[in-house]
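Here the structure is laid out as structure tokens; the discussion comes afterwards.
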Amino acid sequence: MQAAVLPALESAVAALDAINKADIIEMRTFIKPPALVQLTMEGVCILLQEKTDWDAAKRVMSDAGFIARLIDVSYAKLCAGVICRRGCVR
């Protein structure tokens with residue numbers, strides 16, 4: 001199972017390099033974000049163990065260390081409760 005997840009994880013981490021400050025600023029300006037932005041930020045907030053509402057997501061994105069926090073997440077140490085918070089597929 002872990003071998004199947006590693007390519008997706010590596011791709012996601014590489015995608016972080018493509019995000020720039022202008023992208024984050026644009027997302028924070030949404031009053032009501034598009035559904036995919038909302039869903040993505042819910043996932044990000046879960047990973048960072050933050051509330052998953054849009055106001056919390058905007059606060060998370062406002063942090064100067066936002067991208068660094070995502071890069072530094074210890075994916076190997078995520079507890080089952082955090083991973084399954086949004087709903088597990090078994």
Side chains of [X] and [Y], heavy atoms from C-beta outward: is any pair under 4.5 Å?
X   : Y   : answer
E50 : R59 : no
V37 : W54 : yes
I67 : I24 : yes

Is there a path of hydrophobic side-chain contacts, each under 4.5 Å between heavy atoms of I/L/V/M/F/W/Y residues, joining I25 to L16? no

When you measure from the side chain of D23 to the backbone N and O of N20, does any donor-acceptor pair fall under 3.5 Å? yes

Under 3.5 Å donor-acceptor, T40 side chain and L36 backbone: yes

Any chance you could measure M41, atom CE, to F30, atom CZ, to the nearest 0.5 Å? 11.5 Å

Interatomic distance, NZ@K32 vs CD@Q38, rounded to 0.5 Å, equals 7.5 Å

Any idea which heavy atoms bring [X] and [Y] closest together, and the distance?
X   : Y   : result
K51 : C45 : O-CB, 3.2 Å
R28 : K58 : O-CD, 3.2 Å
R69 : D63 : CD-OD2, 3.5 Å

